[in-house]
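Worth saying up front: this structure is predicted, and the values here are computed from it rather than measured. The chains referred to below are lettered A, B, ... by the order of the sequence lines, with proteins before strands, and numbering in each begins at 1.
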Amino acid sequence: MDIDQLKRIIEGALLAAGQPLSVERIQQLFHIDERPARADIITVLEAITTDCADKGFELTEVASGYRFQIRQELSPWIARLWEEKPQKYSRALLETLALIAYQQPITRGEIEQVRGVAVSSSIMKTLLEREWVRVVGHREVPGRPAIYATTHKFLDYFNLASLDQLPTLAEIRELSDANLNLDLDNTQINNDPESEEADAASLDARESEHE
Amino acid sequence: MDIDQLKRIIEGALLAAGQPLSVERIQQLFHIDERPARADIITVLEAITTDCADKGFELTEVASGYRFQIRQELSPWIARLWEEKPQKYSRALLETLALIAYQQPITRGEIEQVRGVAVSSSIMKTLLEREWVRVVGHREVPGRPAIYATTHKFLDYFNLASLDQLPTLAEIRELSDANLNLDLDNTQINNDPESEEADAASLDARESEHE
Amino acid sequence: MITEQNIVPLEEPIQPPNKEQVQAELLAKIPDDLYIPPDALEVILDTFEGPLDLLLYLIRRKNLDILNIPVAQITVQYIQYIDVMQNFRFDLAGEYLVMAAMLAEIKSRMLIPRESEIEDEEDPRAELVRRLQEYERFKQAAEDIDELPRMHRDTFSVSAELPEMDHQQPVPEVELREMLLALANVIARADKFTHHQIHMEPLSTRERMTHILVKLSEIDGGFLPFVALFTIEEGRLGVVVSFLALLELIKDSLVEIVQTEDEGHIHVKARSGASAALSSIENSEKVSGSTTPDDSASQATLF
C-alpha cells in the first residue's frame, strides 16, 4: 500500500474512532495481507504530526495511544459551542431583590415576613455571588441574622445613580394596579386566607424549581 | 484577526462540534468585536476544503451546515474500528421514507395508498425518533391525520445539502404490453353514466378508507 | 378453525441474517401465478412488501399474464388461508386478500361481454396498472436512498479531544421593570394578608442607613463622629437624611451613639454584632441559614 493511502486511512481512523488508537489497533484495521509494519505506522504518525503544525488540532500521544486533540489555545472560541442560554431568574428572586433594594438594610427573616414564604438559601447565594447584594452587618437578636443591602454594582447594572431614582412605593402601587392583571396574571392574588398556605406552597415549589 | 488564526479556530470548531456547523453558528463563536464577515468565513471554509484534498477526511456541506467527515473510499478500513456491522434498514422503512422525502407533505394514509399495505407504527416511530421525519401539520379531514415531512437531520444523514440532491425519481415504466395485453392508448373518457357512477363509487370507497 | 392439518410447518424457518442466501431460497418458492400454496404464504409475507410488490415481481420476472388468472381457484384457496393466517400477521395477509378480490373484480369485468355502446369503457385494469407503476417508482426511490452514501456506513463523523474549557454559565439579564413588577406583586400580596399596609422610609434614608453601616464596618468597631456621616456639599438635606437614618439604625439596635459631654460631639459606633459587618459570603450563609422571625422592632419598620 502506498504511503499516502496509509496516511489517509490512519488520519481517518484517528478522527473517526472517538478514542485514542494504539499502533496495534491501527494495524488491525488492515487485512493480514496488507498489514503495515509497526515502524511504517509510526513514520506515518510522525508525518501527520508535522502536517498539523499550523492546524487547529494536533496529534498527541497519550497512555492508550494516539488521538487528535483540539489546540488548547482555541478553547475560548470552542467553548462558545456549548454556551448555554442564560436562564431567567425566578419571581421569588426578583421579589427578594426588590425588597432588599427598598427595605435595606433588611434581614432574611424580614423579607420572609413580607413575602409570606421562606427565602431559599440559593436565592441569597445567587444575589451575593452576583454582587448585587451584600451583608452590611448582623442584627443583635438570637441567631444574629445577616443584614443585607444593595451594592454599587446593583445600581450600575440598573443604570441608577442612587436608590432615590427608583420609583416610589406609591408609583409601584400604580404599576401594580395597571399591570398586575396583565403581566402577572399567572400569579393569582389570593383573597382567601386559607389558601394562603397553598399559595406559599406553590411559591416554594416555584422557588425550588428555579434554584 | 489574521486569516491563519481564523482558519485554526474554524478547523478546531468543526472538529469539536460533533455536528454540522452553519456559517452563522461559526460567526457566533467570535465575540461581537472580532466577529468575521460571512464572506471571510466562506473563504476560509474553501481554503480548508483545499487543504483536505489529500487527507483522510473532507469538508462537506450538508443541510445543517459544514462538517468534516471521513472519505467514503476509506470506509472498508474505518468500519473495522467497530465490531458491529452498520445498521440496515428494512424495505418497508426505506419505502416509507422515500414516499415522505419525495411526496412531502404526506399523510400516512397517502403512503399506504401508494404502497398498498399498512405502514406499521413502529416504522413511523423509528423515523420520528431518528428525527428524519417530523409532523408539520394535520390534514383537515376526519381524524385530522398528521402530515409528515423530512428534516435537515435526514438530509445530513444521507449526505445531502437539500432535497434537490435526492436521486431523480424514476420515470414511470410501462408494464410489458405483451403480458398485460392492455390497450391503454384507446382508453377514452367514459360515456356511460352508469359505469361512471360505479367507478366513482369505488374511488370514493378507496379514498375514504385512506383518509 | 385452526386444526393441526391446517398449520403447515415451514421447512425453512425465516432467518433474518444471511439474507442473500435466504432470499434466493425464498424466491425459488414463489409460485408462477397468484396461487400461493399455504405453506408459502409466510414466505411471501416476509419477502414482499405487500401485494403490489408481489404482483410487480410476478409481472416483471415470471411473465404473469393478469388476463389469465384462474380466479375461482384462487378465491377458494385464499379463503382457506384465513384459517392458516390466524397464526400470524393476519392484518398483512389481509392486504393480499384485498388484492385477490380486486383481481377477481377485474377478471369478472373483463368477462362481461362488451356491448357496442360501452365499448369505450375504461379498461378495468388501468387503475391497477397505474398503482403498480406508481408503486414501482417509489420502490426504486427507496433503493436509491439506500444507495446514498450515509453516516456510519459509507462515511463517518469526526471527533477529537476537546481542550480544557471554562464553562461559564452566562448570568440572566434582568430588566428594572421586571424587578419592580415583582415588588408590586409582593406589596399586593402583603396588603391582602396584613392588617397594616407596608410603609417604607424614603429610599434616601434607606440608602443612607446602608452607607452608615458600611462606613462603620470599615473602621472595624471604632467610633465615628456624626459629622463624618455626611458632607458639606449635601447641605441641610444631607444632615437630615443622615439623622433620620441614624434614628432608624438605633431603633433597629444596629448602632449605638455616645455623647460624652452635654452639647458635645455625637459619636456613632456599630453594635458589637454589627462590627463584624461585611463578613464573607460563606459566613453570612451560615448565620442567615436560620429563618428565625425577628424582633418586633424591626417588623414595626416594615408594617
Checklist entry - Going from CG on C:L148 to CG on B:L160, what distance comes out if it is rounded to the nearest 0.5 angstrom? => result 5.5 Å
Checklist entry - Taking B:L14, B:T168, B:V114, B:L166 one by one, which has the highest count of heavy-atom pairs under 4.5 Å against chain C? => result B:V114
Item to check | N-O pairing of C:K139 and B:E95 below 4.0 Å | outcome: no
Checklist entry - B:L169 and C:A141: which non-hydrogen atoms are nearest, and at how many Å? => result CD1-CB, 3.7 Å
Item to check | CD (B:E24) with more than 12 external heavy atoms under 6.0 Å | outcome: yes
Next on the checklist: Can you tell whether the side chains of B:R91 and C:D53 come within less than 4.0 Å, N to carboxylate O?
Outcome noted: yes
Item to check | B:S120, part contacting chain C, at a heavy-atom distance under 4.5 Å | outcome: neither
Checklist entry - At their closest point, which heavy atom of C:A160 faces which heavy atom of B:L15, and how far apart are they? => result CB-CG, 3.6 Å
Item to check | CG-CD1 distance between B:L94 and C:I145, expressed to the nearest 0.5 angstrom | outcome: 7.0 Å
Next on the checklist: Could you measure the distance from the OH atom of C:Y135 to the CG atom of B:L99? Nearest 0.5 Å is fine.
Outcome noted: 9.5 Å
Item to check | Structural part of C:L162 lying under 4.5 Å from a heavy atom of chain B | outcome: side chain
Checklist outcome for this item: Scanning both residues in full, the closest heavy-atom pair of C:E49 with B:A92 reads OE1-CB, 3.1 Å
Item to check | Under 4.5 Å from any heavy atom of chain C - which part of B:R67 | outcome: side chain
Item to check | Between CG on residue C:L132 and CD1 on residue B:I172, distance to nearest 0.5 Å | outcome: 12.0 Å
Next on the checklist: Give me the atom names and distance for the closest heavy-atom approach of C:G50 to B:V117.
Outcome noted: CA-CG1, 3.3 Å
Checklist entry - Looking at B:P76, B:A79, B:S75, which makes the most heavy-atom pairs under 4.5 Å with chain C? => result B:S75
Checklist entry - With only heavy atoms counted, which part of B:L74 is less than 4.5 Å from chain C, the side chain, the backbone, both or neither? => result neither
Checklist entry - Donor-acceptor pair, C:T155 side chain versus B:Q72 backbone, under 3.5 Å? => result no
Checklist entry - To the nearest 0.5 Å, what is the distance between OG (C:S157) and OH (B:Y157)? => result 10.5 Å
Next on the checklist: Does the plane of the ring in B:W82 sit parallel, tilted or perpendicular to the ring in C:F156? Use 30° and 60° as the thresholds.
Outcome noted: parallel
Checklist entry - Any side-chain heavy atom of C:M151 within less than 4.5 Å of one from B:F158? => result no
Checklist entry - For C:D144 and B:P167, which heavy atoms make the closest approach, and how far apart are they? => result CB-CG, 3.7 Å
Next on the checklist: Can a donor-acceptor pair be found, under 3.5 Å and without considering hydrogens, that links the side chain of C:R153 to the backbone of B:K85?
Outcome noted: no
Checklist entry - Side chain, backbone, both or neither: which part of B:E171 has a non-hydrogen atom closer than 4.5 Å to chain C? => result backbone
Next on the checklist: Is C:E134 close to chain B through its backbone or its side chain, or both, or neither, when contacts mean heavy atoms under 4.5 Å?
Outcome noted: both
Checklist outcome for this item: Smallest heavy-atom separation, B:A170 atom then C:R137 atom, equals O-NE, 2.8 Å
Checklist entry - Is it the side chain or the backbone of B:Q87 that comes within 4.5 Å of chain C heavy atoms, both, or neither? => result backbone
Next on the checklist: Given heavy-atom pairs under 4.5 angstrom as the criterion, report whether the side chain, backbone, both or neither of C:E136 touches chain B.
Outcome noted: side chain
Item to check | Interatomic spacing from CZ in B:R71 to CG in C:D154 - rounded to 0.5 Å | outcome: 14.5 Å
